[in-house]
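The block underneath contains the structure these notes are about, expressed in structure tokens.
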Amino acid sequence: MFAAERRQLILEMVRANGAVSLRELARVVQTSEVTVRRDVRALEAEGLLDRRHGGAVLPGGLARESGLPQKSHLSTAEKTAIADLAAGFVEEGEAIVVGAGTTTQELARRLARVPGLTVVTNSLLVAQALAHANRVEVVMTGGTLRGSNYALVGSGAEQSLQGLRVSRAFLSGSGLTAERGLSTSNMLSASVDRALVQAAGEVVVLADHTKLGADTMFQTVPTDLITRLVTDEPPAHDDRAATELQALADQGVQIAVTGTAAGAATTTDGPADRRGHRREVPLPGQRRNHPPSGAAPALRSPSLGDAPRVADLAPRRR
């Protein structure tokens, strides 16, 4: 395939999906990620698309959100591995909140095996994934249905979360940086995610490596409120992702990394199996996301387990 043909196909894929990872582009045009990156750079110079960390988006992508059909086909292997690993942090009898998103939907499918679990969610897709789980209780928020991602948003959703207290929240978003934390491109979704965070004692962010370094319009979770990040291994050439991970670790975020980039996706057999191929950075000292004064105690907040330290992601001495 000539360069002009490759670039035309790349442009068509981005226009159809809104955002596409370099890995997926390389697979479709049957060439290396290095070549695709060069093509994307050339298309950006012509103003036809914008480069983002690990992929390409339509111009003005900061304000644009891809629909669910497009998102569901992006980084599918990475999302599966992230969901497998994140499910190992949930224990029997917990009460948690799970936000909307394709990665959290994958997580919900795995939570169906956790007995005695209570899941509060504003996502119809998360609720659907757990609908036939006999040992899991699902609590839906109120609100107005947002059709693009099948999530309940608005004042009704936020008010239904008032007075709620759970052990932890599992959230995803459109971008994650050490400077701003987790963000999304939709104001209503961001507002509900902030309400979900207020209801939780700890916050676990699920984000594949293409989200690292991406910064979208509306902040949902500032970095100092993120307890843990579950992500996949960035490609070896992706210096930006590695830098962002180190910056997050320096700010006290625990990092759990799957082994997908090395060709060995992490899997778990259920909540009791925590031995997956993960790397973590323990929190240095006290976190700043303690429950506000006067808040009710968490229903349950079990330990997330003692994982080995990782030297290359350990917080640097200041």
Quick one: does [X]'s side chain have a donor or acceptor within less than 3.5 Å of a partner on [Y]'s backbone?
| X | Y | value |
| --- | --- | --- |
| Gln219 | Arg180 | yes |
| Ser183 | Thr216 | yes |
| Gln251 | Ala178 | yes |
| Arg6 | Asp39 | no |
| Arg165 | Gln198 | yes |
| Asp232 | His209 | yes |
| Thr258 | Ile82 | no |
| Thr104 | Val98 | no |

Check your understanding: In terms of heavy-atom contacts, does CD of Glu44 have more than 12 from other residues, nucleotides or ligands at under 6.0 Å?
Key -> yes

Exercise for review: Taking atom CD of Glu46 as the centre, report whether more than 12 heavy atoms of other residues, nucleotides or ligands fall under 6.0 Å from it.
Suggested key: yes

Rounded to the nearest 0.5 Å, how far does [atom2] of [Y] lie from [atom1] of [X]?
| X | Y | atom1 | atom2 | result |
| --- | --- | --- | --- | --- |
| Lys211 | Leu206 | NZ | CG | 9.0 Å |
| Arg51 | Leu43 | CZ | CG | 11.0 Å |
| Leu245 | Asp250 | CG | CG | 11.0 Å |
| Thr231 | Leu85 | OG1 | CG | 10.0 Å |
| Leu130 | Gln105 | CG | CD | 10.5 Å |
| Asn122 | Leu145 | CG | CG | 10.5 Å |

Exercise for review: List the steps, then state whether side chain to side chain contact (heavy atoms under 4.5 Å, CB included) holds for Arg146 with Asn186.
Suggested key: CA-CA 11 Å; Arg146 184 166 179 259; Asn186 181 266; 3.1 Å; yes

Review point. Thr177 and side chain to side chain contact (heavy atoms under 4.5 Å, CB included): which partner among Leu248, Leu212, Asp215?
Key: Asp215

Review point. Hey, which of Leu229, Leu225, Thr223 is the one that makes side chain to side chain contact (heavy atoms under 4.5 Å, CB included) with Val205?
Key: Leu229

Review point. Is there a chain of hydrophobic side chains (I, L, V, M, F, W, Y, each step under 4.5 Å between heavy atoms) that links Val34 to Val36?
Key: no

Do you know the tightest heavy-atom contact between [X] and [Y]?
| X | Y | value |
| --- | --- | --- |
| Leu196 | Leu171 | CD1-CD2, 3.8 Å |
| Leu182 | Ser172 | CD2-O, 3.6 Å |
| Glu94 | Leu117 | O-CD1, 3.3 Å |
| Gly154 | Val192 | N-CG2, 3.9 Å |
| Ala108 | Ala129 | CB-CB, 3.8 Å |
| Val40 | Leu49 | O-CD1, 3.6 Å |

Check your understanding: Below 4.0 angstrom, N of the basic side chain to O of the carboxylate: do Lys79 and Asp208 qualify?
Key -> no

Practice item. Using a strict cut-off of less than 4.0 Å between a Lys/Arg side-chain nitrogen and an Asp/Glu carboxylate oxygen, indicate whether Glu106 and Arg109 qualify as a salt bridge. Key: yes

Any heavy-atom pair between the side chains of [Y] and [X] that's under 4.5 Å?
| X | Y | value |
| --- | --- | --- |
| Thr118 | Val139 | yes |
| Leu111 | Ile96 | yes |
| Ile226 | Leu176 | yes |

Check your understanding: Any luck finding a side-chain donor-acceptor pair between Ser191 and Glu158 under 3.5 Å?
Key -> yes

Review point. Going by atom types alone, do Thr227 and Arg168 pair a side-chain donor with an acceptor below 3.5 Å?
Key: no

Review point. Could you walk me through whether Leu124 and Met140 pass the side chain to side chain contact (heavy atoms under 4.5 Å, CB included) check?
Key: CA-CA 8 Å; Leu124 269 63; Met140 294 289 298; 3.8 Å; yes

Point to revise | Working for side chain to side chain contact (heavy atoms under 4.5 Å, CB included), residues Leu161 and Val120 | key: CA-CA 9 Å; Leu161 293 166; Val120 180; 4.1 Å; yes

Review point. Mind checking what makes salt bridge (charged side-chain N to carboxylate O under 4.0 Å, His left out) contact with Glu244, not counting sequence neighbours?
Key: none

Check your understanding: Checking Arg228 against Phe89: charged group under 6.0 Å from the ring centre and within 45 degrees of the axis?
Key -> yes

Point to revise | Residues Phe170, Val90; criterion side chain to side chain contact (heavy atoms under 4.5 Å, CB included); working and verdict | key: CA-CA 10 Å; Phe170 291 85; Val90 181; 3.5 Å; yes

